[in-house]
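Working notes, beginning with the structure itself.
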Amino acid sequence: MEKYDPQKIELKWQEYWDKNRTYKNYNREKRFYVLDMFPYPSGEGLHVGHPKGYIATDVFARFKILQGYSVLHPMGFDSFGLPAENYAIKNKIHPKIAVEKNIATYQKQLKAFGFTYDWEREIITSDPEYYKWTQWIFLKMFEKGLAYESNEPVNWCPSCKTVLANEDLEKGSCERCGSRIVQKKLRQWVLKMTAYADRLLYDLDNENLNWEEMIKEQQRNWIGRSEGVQFEIKIKNSEEKIEVYTTRLDTVFGMTYAVVAPEHPILERIKDGIKNFSEIKRYLIQAQNKTELERMELQKEKTGVKLEGITAINPFTKEDIPLFVADYVLGFYGTGAVMAVPAHDERDFEFARKHNLPVKEVVKKPETKNEKNSGEKTDGAFTEDGILASSGEYSRLTSENARGKMAEWLEKNNLGRKKVNYKMRDWVFSRQRYWGEPIPIVHCEKCGTVAVPENELPLKLPEVKSYEPTGTGESPLANISEWVNTKCPKCGGSAKRETNTMPQWAGSCWYYLAYLMRGVSNLPAGQMNLQFPISSYKGEFDRWLPVDLYIGGIEHATRHLLYARFWHKFLYDLGVVSKKEPFKRLIHVGLVSGEDGRKMSKRWGNVVNPDDVISEFGADAMRLFEMFMGPFTQEVHWSTAGVNGSRRFLERVWKLQDKITNRKTEVARKKIEKLLHKTIKKVTEDIENFRFNTAISQLMILINEIEKEKELQTADCELLIIILSPFAPHIAEEMWFHLGHKESVFLQKWPRHDPALTKDEKINLAVQVNGKVRDIMAVDADISEDEAGKSAFAREKIKKWTAGKEIKQVIYIPGRIMNIVVG
RNA sequence: GGGCGAGUGGCGAAAUUGGUAAACGCACAACACUUAAAAUGUUGCCCUAUUUUUAGGUUGAGGGUUCAAGUCCCUCCUCGCCCACCA
């Protein structure tokens with residue numbers, strides 16, 4: 001047998017699979033759609049962490065192919081957006097050229113792994129043939145009133161010189177460059193994601209999504225639904241009133257003041273009645289100049305000013321209460337105004353203490369028998385539910401009951417109503433950058449905002465010399481007058497094009513559909529041609545959706561995964577797709593950090609390039625190692641020595657070929673056959689449950705055992721090759737052909753274990769005395785309790801511990817343990 | 001502050017879901033092969049005592065339930081991730 005030489009065999013089989021279209025069996029009855037979160041092609045290339053998820057999907061894809069499914073496993077590139085553009089600016093290359101170059105690098109790196117990707121379906125989000133559809137979906141949203149213009153203050157990154165969505169922030173800073181965000185009023189395009197808030201929440205639990213609970217929870221928190229009551233507080237001696245929102249209406253008798261946010265419109269309306277208006281004005285300017293971050297850093301310090309001369313009335317108690325303006329109340333949430341109950345809200349408590357406002361306790365902790373009732377007021381607010389006190393007719397009710405009754409009273413008197421609020425905001429969808437999809441809208445003086453007609457799509461991104469961001473709040477496109485100045489599609493008069501572009505995330509909202517659309521076109525690889533109308537793709541959508549398995553990083557939990565679900569639901573409403581949810585099963589890939597435990601980055605010099613690993617150890621060894629490192633969803637540290645271990649394992653597998661024989665040596669055969677079937681069972685179950693590490697350790701156990709034998713039956717070797725093949729496809733294929741086969745191992749059937757063979761006839765039964773293992777007996781697996789007891793008591797080691805003692809109890813769990821309890 | 005998750009050898013980890021803790025691998029050590037090294041093979045490798053055997057201890061700490069706890073319950077400690085003035 002010649003030496004195991006991955007360099008030689010891996011390239012050979014990659015070419016073979018490609019040429020023979022080994023994985024493209026799209027006409028089988030059962031189908032399975034495996035999807036990776038596609039990368040954005042940065043200039044750095046891949047490091048060894050990136051492929052971990054791709055290896056897992058590849059293992060799964062091969063497993064499903066072997067189980068007889070048509071498996072769709074596509075790959076593409078998310079090439080619009082800031083990473084590509086910033087790279088281009090830094091290196092003074094046009095983004096388009098940079099993207100082409102980086103994609104070539106990525107492809108080369110990915111292909112070295114021998115993945116099952118169907119490159120004929122590759123998509124690139126910055127390709128006009130692709131983004132004409134991104135634009136089309138936007139136009140549909142515009143048509144349905146879900147894309148609208150807004151002038152609300154938005155997050156502005158002074159370094160990236162663009163606005164950002166809430167989802168793009170990290171602790172009040174730009175997620176990409178770390179710069180502090182400032183609030184800026186700019187005309188923006190916004191998508192009405194909040195219109196889908198309820199469905200985005202509800203369907204998480206009601207569409208049989210096999211998602212990790214952690215990700216569902218993150219989305220729930222992000223959507224942030226809360227049920228409460230909105231009611232009005234009148235201003236004394238005035239027609240004016242403010243609406244407040246609360247989830248704790250039960251505490252309303254404890255309201256000792258009310259607060260409006262600095263942005264609240266009432267301040268302008270009642271300014272003549274405010275005696276200290278100049279002071280208020282100063283405060284508003286001060287508040288406006290605070291950045292998001294400052295607002296948060298100073299959160300302990302609650303500032304605010306009383307509106308002198310203004311009195312509000314608590315609708316329940318009819319008491320006069322003061323009104324404040326304070327920036328701890330957020331202008332964009334709820335009504336931008338709150339009732340303040342210092343006794344039962346920590347923020348209000350803090351504010352009240354600072355401004356010497358009364359604290360009125362109206363909810364008491366229910367008394368429990370054993371608890372000492374000290375009667376002392378605790379230092380802080382009591383924020384839990386309890387029993388009402390000093391609340392008029394509502395006293396003695398539980399918080400929950402009181403909330404219901406109080407809301408009824410408000411409704412009856414036409415003062416308020418139940419209201420659901422969400423933390424999630426509408427999606428700020430425009431960017432003042434060059435490298436993105438142009439928003440297909442024309443501004444006409446006469447007709448207003450007008451959609452670019454469908455047959456003019458794609459609205460191509462014009463070529464420019466200078467694509468650097470301007471910082472003026474306008475995109476670089478605004479400087480190209482021949483592009484900007486156009487005719488109104490409606491009236492034919494002169495009009496100007498929208499110059500903002502779409503955000504990073506737009507293209508990835510529907511890409512899993514584009515792969516399916518690519519299946520319809522018969523054009524050669526690399527040529528996208530996705531023709532209108534969308535209905536011509538319905539058959540493909542219905543056949544393949546939803547995506548059966550989706551793997552990617554956890555950082556997308558509240559960004560891409562939320563946006564894509566939103567778009568999918570919109571497309572569902574349009575009748576484009578027939579399923580409510582796009583991704584049926586979702587698993588996140590745990591990060592691979594550097595050998596030093598730090599995040600892999602140029603800065604630490606701990607980046608490992610997969611090309612180097614593959615050329616030293618082979619793609620199979622690398623694949624195997626990344627699946628063996630630890631539980632898939634967990635963070636792991638890279639270890640080059642560990643890859644070497646996987647390589648050693650493959651060398652040993654390779655050497656088994658010297659033992660292959662067809663002679664019958666029954667005893668050895670039996671032993672290996674049993675272990676083989678146990679391994680089939682475990683590997684099958686483990687792949688299904690994404691426990692690749694234990695699947696591989698079981699394969700190692702099997703190999704260790706076979707090594708001890710002199711011979712290996714051909715039939716057993718074949719089964720071994722098949723169950724190893726998803727992890728190490730190249731060596732498996734090579735060994736498969738060595739056995740004389742003329743057809744790929746991936747056209748074989750995944751074996752089923754024989755249940756009779758996975759059962760042991762003899763087992764080692766542990767015998768405990770008082771819970772401590774004192775002996776281990778080799779017995780028949782189906783030994784009866786009587787017999788097991790007899791043999792146990794006959795054994796010296798057991799006698800030693802039971803002699804002269806009263807046997808109180810004997811517990812026997814067949815196949816597991818016997819515990820003798822003595823007194 | 002809120003939510004989610006995790007703590008097991010020198011390291012990555014496993015444990016049939018309440019039933020022999022440390023499988024499998026990495027690193028390390030000794031030996032064999034070799035002039036030597038690498039590679040490979042064999043053996044050892046949680047802690048303490050001891051004489052190969054054996055006994056005791058051990059899953060972040062403490063308590064509880066149970067014949068039996070890494071696994072279930074309570075209290076506490078540490079770490080990670082996400083969200084964070086959301087009324």
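A, B, ... follow the sequence lines: proteins, then strands. Residue 1 opens every chain.
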For this session: Go through the steps to decide whether E167(A) and W222(A) satisfy the test side-chain hydrogen bond (donor to acceptor under 3.5 Å, both in side chains), and finish with yes or no.
Result: CA-CA 9 Å; E167(A) 287 82 3; W222(A) 187 264; 3.1 Å; yes
Separation between the [atom1] atoms of [N] and [M], rounded to whole Å:
{"N": "A69(B)", "M": "U58(B)", "atom1": "C1'", "value": "14 Å"}
{"N": "C67(B)", "M": "A61(B)", "atom1": "P", "value": "25 Å"}
{"N": "G18(B)", "M": "G70(B)", "atom1": "C1'", "value": "11 Å"}
{"N": "U16(B)", "M": "A22(B)", "atom1": "C1'", "value": "16 Å"}
{"N": "G44(B)", "M": "U54(B)", "atom1": "P", "value": "16 Å"}
{"N": "C83(B)", "M": "G12(B)", "atom1": "P", "value": "27 Å"}
{"N": "C24(B)", "M": "U75(B)", "atom1": "C1'", "value": "37 Å"}

Please classify the nucleic acid contact of [X] as base, sugar-phosphate, or nothing, using heavy-atom distances under 4.0 Å.
{"X": "N221(A)", "value": "sugar-phosphate"}
{"X": "N704(A)", "value": "sugar-phosphate"}
{"X": "K800(A)", "value": "sugar-phosphate"}
{"X": "V338(A)", "value": "base"}
{"X": "R220(A)", "value": "nothing"}
{"X": "W638(A)", "value": "nothing"}
{"X": "T558(A)", "value": "nothing"}

For this session: Please work out the stems of RNA chain B from pairs that are Watson-Crick or G-U wobble with both distances under 3.5 Å, keeping only runs of three or more consecutive pairs.
Result: B:1-7 with B:77-83, B:10-12 with B:24-26, B:28-32 with B:40-44, B:46-49 with B:54-57, B:60-64 with B:72-76
Exercise. Does K52(A) count as lying over the ring of F632(A), i.e. NZ or CZ under 6.0 Å from the six-ring centre, within 45 degrees of the axis?
Worked result: yes
Problem set entry | Lys/Arg cation over aromatic Y328(A): K302(A), 6.0 Å, 45° cone | yes
Side chains of [X] and [Y] only: does a donor on one sit below 3.5 Å from an acceptor on the other?
{"X": "N155(A)", "Y": "D168(A)", "result": "no"}
{"X": "N421(A)", "Y": "S226(A)", "result": "no"}
{"X": "S593(A)", "Y": "E635(A)", "result": "yes"}
{"X": "Q218(A)", "Y": "T558(A)", "result": "no"}

If I take atom [atom1] in residue [X] and atom [atom2] in nucleotide [N], what distance separates them, rounded to the nearest angstrom?
{"X": "I820(A)", "N": "U20(B)", "atom1": "CD1", "atom2": "C1'", "result": "14 Å"}
{"X": "M339(A)", "N": "C85(B)", "atom1": "CE", "atom2": "P", "result": "20 Å"}
{"X": "K797(A)", "N": "A55(B)", "atom1": "NZ", "atom2": "P", "result": "8 Å"}

For this session: Residues of residues 674-695 of chain A with any non-hydrogen atom less than 4.0 angstrom from an atom of RNA chain B: list those, numerically ordered, please.
Result: N693(A), T694(A)
For this session: Could you identify which residues of residues 639-647 of chain A place a heavy atom less than 4.0 Å from some atom of RNA chain B, listed by residue number, or say none?
Result: A641(A), G645(A)
For this session: Step by step, work out the side-chain hydrogen bond (donor to acceptor under 3.5 Å, both in side chains) result for Y283(A) and T303(A).
Result: CA-CA 9 Å; Y283(A) 182 75; T303(A) 61; 2.8 Å; yes
Exercise. Can you check whether H556(A) and W505(A) have ring centres sitting under 6.0 Å from each other?
Worked result: yes
Problem set entry | Centroid separation F628(A) to F649(A) less than 6.0 Å | no
Problem set entry | Toward the 5' end of RNA chain B, by each residue's nearest nucleotide, I817(A) or E217(A) | E217(A)
Exercise. Relative to the ring of W427(A), is the ring of Y563(A) parallel (under 30°), tilted (30 to 60°) or perpendicular (over 60°)?
Worked result: parallel
Exercise. Could one point to a donor on the side chain of K302(A) or the base of C85(B) with an acceptor on the other under 3.5 Å away?
Worked result: yes
Exercise. Could you go step by step and tell me if H637(A) and E595(A) meet the side-chain hydrogen bond (donor to acceptor under 3.5 Å, both in side chains) rule?
Worked result: CA-CA 5 Å; H637(A) 298 174; E595(A) 205 138 5; over 6 Å; no
